[in-house]
Amino acid sequence: MSRSALLVLADGRFPAGGHAHSGGVEAAVRAGRVTGPADLAAFCRGRLHTAGLTSAALAACAALGHDPAALDAAADARTPSAALRTASRRLGRQLMRAARTVWPDPGLDALAAAFPRGAHQPLVLGAAARAAGLGAADAAHCAVYESVSGPATAAVRLLSLDPFRATAVLARLAAEMDEVAAAAQDAAAGGPAALPAASAPLLDITAEDHAAWPVRLFAS
């Protein structure tokens, strides 16, 4: 295991396409549910314990080497929104391109061949972690951090929010991120059948609405 590899994979500057997605916060800002740091903290906390937990468990399970087809089907079943399924596969394709360049690996090649239109992003994240020599805990931590860092970064642009205050939101969630990552790792140890399905219906509803906007800053 390489701590440096973990930092590379979790780095927001890793060319995986996440910068183009708001994690649902663009729709929340327009609806007036996120107007400042306190609202952003509540939004990120809710996302962490729902979509974040589910994604982290999928990523951890993939890092353990479980059947990609079963995991991709599990991700589909846990993503009711067609818009979010499309976004997840698009992000999976972009992450796959980056990961295969950075960490050439037969497992990544096989996954790319099995899903030419893109596997779900958490599955690719776990496979990339495995290719980088990382474990299930590392994959889970990457996923939970991504689940909140994306919305926090997007909120800086959407609200002209002080980036120091946005980063403070993430720092104050650190202990909860560790707890969610640990829960995801525990669930992943039981295989695809034991994966959580924590839901966030409002994220699904607003994702469908957001996808129909004629003008938007973020892809999702």
Side-chain angles (χ1 to χ4, degrees), residues 1-12 14 16 18 21-25 28 33-34 36-66 71 74-75 77-79 84 88 91 95 120-130 132-155 164-204:
M1 184 181 70
S2 167
R3 184 166 294 176
S4 295
L6 174 59
L7 293 173
V8 171
L9 185 58
D11 193 336
F14 191 79
H21 297 260
S22 78
V25 82
R33 288 189 293 273
V34 174
D39 296 333
L40 177 62
F43 179 91
C44 287
R45 178 171 286 109
R47 196 169 194 279
L48 171 64
H49 288 277
T50 54
L53 172 62
T54 301
S55 294
L58 284 161
C61 211
L64 290 171
H66 285 283
L71 291 177
R78 287 159 174 78
T79 313
L84 290 182
S88 179
L91 284 166
L95 176 56
H120 278 287
Q121 192 269 356
L123 171 56
V124 180
L125 177 61
R130 186 177 175 88
L134 301 172
D138 302 307
H141 274 90
C142 283
V144 298
Y145 179 69
E146 182 182 73
S147 75
V148 292
S149 63
T153 301
F164 293 163
R165 300 188 75 182
T167 302
V169 167
L170 298 179
R172 290 170 188 145
L173 285 172
E176 287 181 61
M177 283 191 258
D178 287 345
E179 292 169 4
V180 171
Q185 184 185 4
D186 288 345
L195 292 174
S199 63
L202 189 56
L203 285 178
D204 295 315

Q | Any donor-acceptor N/O pair, T50 side chain to A198 backbone, under 3.5 Å | A | no

Q) Does R47 use its side chain to pair, donor to acceptor, with the backbone of G23 at less than 3.5 Å? A) yes

Can you give me the closest heavy-atom contact between [X] and [Y], atom names plus distance?
{"X": "R130", "Y": "A63", "result": "NH1-O, 3.0 Å"}
{"X": "L95", "Y": "A16", "result": "CD1-CB, 3.8 Å"}
{"X": "C44", "Y": "V148", "result": "O-CG1, 3.3 Å"}
{"X": "P151", "Y": "V25", "result": "O-CG1, 3.7 Å"}
{"X": "A51", "Y": "L203", "result": "CB-CD1, 4.5 Å"}
{"X": "A187", "Y": "P196", "result": "CB-CD, 3.7 Å"}

Q | Atom pair CG/OG of L48 and S149 - distance to nearest 0.5 Å | A | 11.0 Å

Q) What distance separates M177 CE from S147 OG, expressed to the nearest 0.5 Å? A) 8.0 Å

Q: Write out all pairs satisfying side chain to side chain donor-acceptor pair (under 3.5 Å) with one or both partners inside residues 166-183, taking only residues at least two apart or from two chains.
A: R45-E176, H49-E176, H141-D178

Got a sec, which residues hit side chain to side chain donor-acceptor pair (under 3.5 Å) with [X], two or more places apart in sequence or on another chain?
{"X": "Q185", "value": "none"}
{"X": "H66", "value": "none"}
{"X": "D11", "value": "R13"}

Q | Sequence-distant partners of L84, side chain to side chain contact (heavy atoms under 4.5 Å, CB included), two or more places apart | A | T79, S81, D204, A207

Q: State which residues pass ring pair (Phe, Tyr, Trp, His ring centres under 6.0 Å) with F14; sequence neighbours excluded, sorted by chain then number.
A: W103

Considering only heavy atoms from C-beta outward, does the side chain of [X] approach that of [Y] to under 4.5 Å?
{"X": "L40", "Y": "R165", "result": "no"}
{"X": "P122", "Y": "C61", "result": "no"}
{"X": "L58", "Y": "L123", "result": "no"}

Q: With side chain to side chain contact (heavy atoms under 4.5 Å, CB included) as the test, would you mind laying out the steps for L202 and R33 before giving the verdict?
A: CA-CA 11 Å; L202 189 56; R33 288 189 293 273; 3.7 Å; yes

